[in-house]
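Heads up, the thing below is written out as structure tokens.
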Amino acid sequence: MIELSSLLEVSLGHYIFLGLFLFAVGLLTIMLRKNMIVMLMGVELLLNGVNTIFLAFSHFSSHTEGQILVFFILTVAAAEAGVGLALAVSIYKEFKEVNISFFESLKG
Amino acid sequence: MANNPIVFFPLAFVIAVAALGVLLASNPIFSALFLVLSMVCLGFMFLAMGAFFLGGVQLAVYAGAVTVLFVMVLMLFDLKDNANPIAKGLLSRFLKVSSIGVFVGLITGAVSLTKYYPVPVKAADPSSMESTRVLAVGLFRDYVFAFEILGVLLLVIAIGVVSVSRIKGGTHDRA
Amino acid sequence: MDAMYIGIEIIKMVVIFLLMVQLVPILVWIERRGSAFIQNRFGPNRVGPLGLVQLLADAVKFAFKEEFIPGGSYKFLFLLAPVVALIPGVLAFAAIPLGAPFSLEPFEMFGNTWGPYDLKLQGYDYGIGIVFVLGVSSLAAYSLLMAGWGSANKYSLFGALRASAQMISYELGLGLSLVGILLLYGTFSFNEMIAIQDGPLTFMFMGKETIIPFLPNWGIFYQPLGAILFFVSVFAESNRLPFDLPEAEAELVAGYHTEYGGLKMNMFYIGEYGHMMVASALMATFYFGGYNLPFVTPEAINEMFTGMGFAFNGASLMTTLVSHLILMTKVFLFLWIFIWVRWTLPRFRYDQLMDLGWKTILPWALANTVITAFVVVLMRGA
Amino acid sequence: MSPLVATVFLALFVTGFGFLLVFVASILGPKTNQSKVKKMAYECGLTSDGADRSKIPVKFYLTAILFILFDIEIIFLYPWAVAYQDYVSEGAGWFIFSSMFVFVLIFIFGLFWEIKSNALEWE
């Protein structure tokens, strides 16, 4: 297994584990939380975990394609947050309710 | 510079705690503020990793724009501090958490077994514009088309968001 | 990377922070005397000569105010907001070069010789100077929102939302008005920008290099419109009149810092004046040649001081001091303009204010960027 | 010592200084009874009619969303501004100008569509 000395010298594995942790917490937030807006925050965490891993690979293999892709992921994530919140606000204004369990009863 | 542990471990610890804070905070506004903290620390980590322009963009766009929208919407709608933020149902919770655990275990196992441990060629000098210039020139040599598509995507979303708010009963309904 | 270097770095950090915190009372004094001068009255002149000790008296008075937490408020958010108000200003101020870099020969201290150093009068030098400053200063909106939400008061929440909506709208104008000048410099880092800006005004005109000997090579001559847009956006960013409607005494009681008193209120002022200082330093660095006089390079000043008989270390320190003073005069010139405008122009109505941000500054900044790019391609490409 | 350690040190130092300032007031200040009336929200002396926050205008969220979208388009302009000189000196000036011109046209179209459909009006 990995002996202790290599744990101190920060290598690719450390960054991957951090990105994975963020990804897992984001996924858990989406699954466990009832409030729709907090679920959108979970999606943001997810995408940030992916960004960290992309940047780690781009740094350790010194290719800049990783950075360019993170640049695009950032754009899509921000746009997605905007749309998600616009919908959440419209639903909240209509039904005065943000909990996800309420939306099973929507029909049509 | 990227892999000196004095920089990596404290930042990683704060990011992990803030991410857990987003999950566990009962008041949505506190989970939004934890998200801000994790974004800012991630921005600093990107700076440490040598991706300077992206660290700045992370600070400006993510921590300074997206999460401001989250905090603003939560404040606009005075969402009360709901008592049990986590979904009910012990079995369903257990299933969700265990599935995520298996997922994490699989990936950690896969990563620790690989032999591919590249060492960075040279640490980017923080005060030079070199890495940003390489990123910028590369962005326009091979990815111009993707760049234009993103412009169209942002236009479509700008129009979509306004029209969503304009439907009957919407916040900006003209009636 | 020896102990002395780290010691110098830490001392530099603390000095830059104290420089900013110390400048705030001086600015408050200038503002009160300046507004008095504009309104043809005296301003504080009772305490100490010319009222200078008045600031110390105010500070002590603030420290002894009663600690008040409004009922039903989120205590932690309420106390966190003034602290978060400080952070963006200082982090941005430390990223801007305040003087020419100075180099020290090996010298004797604490028993052993410390190697030659080449130090910058700047907190930390990131290659992406301006992007870092924009990123950090975009965090200032959180202190407003936390203050508004934390003090459980309808009107302060209302003021906080309007203030942060105004602040983020003008961040667009701020970001876009700089693109023109960045295009000409081709770099984000402040030191390279200042290096580009010395010497006579030289630019390519229809393919051949033309030099105008009497004008310095400053950014203002390339991008006058960009400079105006930047300055107006920065006014609104730091909630200065005529853009300070959200904390206008008349309409909204005092906006987001209604419930604050004593030192906490003072910290919001430190944040606001810090933002003003960063804005003036950016204006000087981008458009007015940073810490250089028009045709004088730091090396020339260095030779002058070595000529006057200073040792190598002494000469480089004196050069840095002179360049720092040059930058500070420029910064205080712009700060005076901030104060001067505050006490002459009336306040905008809120929708006029937002319309100006979205419907005038943004399109103009876009047009400025496109025209600059077109001119550069035409002149350099031909 | 990388500039990052200096930045984190400065941020921690300022936070510590800030919290010191906040708590110095509570130590030095006089302690009086926090009566219920005193703790009520300050609204120029009128008794506040409770935390009825439903009347807060909801228009701000649209500004924040449009801010994100236009902020990203500005962030795209930054690498273009840096790479511009290199492309022009390589002779590919018209290529990089036209690529950005299309992007800015889309930006302008979006902005003027917002202005025309007065999504940006404040009562």
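So you know, we letter chains A, B, ... as the sequences are listed, proteins then strands, and number each from 1. For clarity, every value in this text was computed on a predicted model and none was experimentally measured.
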So which of Thr67(B), Thr132(B), Val71(B), Val61(B) has the biggest tally of heavy-atom pairs under 4.5 Å with chain C?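 Highest number of heavy-atom pairs under 4.5 Å: Thr67(B).
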Given a strict heavy-atom distance threshold of 4.5 Å, which part of Tyr142(C) is in contact with chain B: side chain, backbone, both, or neither?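 Contact with chain B involves the side chain of Tyr142(C) alone.
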Heavy-atom contact with chain B under 4.5 Å, split by part of Leu77(C): side chain
Between Val40(B) and chain C, with a heavy-atom cut-off of 4.5 Å, which part of the residue counts as in contact: side chain, backbone, both or neither?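 The side chain, not the backbone.
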Short question: side chain of Arg133(B), backbone of Thr187(C) - any donor-acceptor pair under 3.5 Å? no
Can you tell me which of Ser189(C), Gly129(C), Gly135(C) forms the most heavy-atom pairs within a distance under 4.5 Å of chain B?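 It is Gly135(C).
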Could you tell me which of Val131(C), Ile130(C), Leu80(C) has the largest number of non-hydrogen atom pairs under 4.5 Å with chain B? Val131(C)
With ring centroids as reference points, do Phe188(C) and Phe53(B) lie under 6.0 angstrom apart? yes
For Phe132(C) together with Tyr124(C), are the ring centres under 6.0 Å from each other?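 Between Tyr124(C) and Phe132(C), the centre distance is under 6.0 Å.
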From CA spacing to verdict: side-chain contact (heavy atoms from CB on, under 4.5 Å), Val133(C), Leu282(C): CA-CA 9 Å; Val133(C) 167; Leu282(C) 280 180; 3.9 Å; yes
Is it true that Tyr185(C) and Gln197(C) share a donor-acceptor pair across their side chains at a distance under 3.5 Å?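 Yes, side-chain donor-acceptor contact under 3.5 Å.
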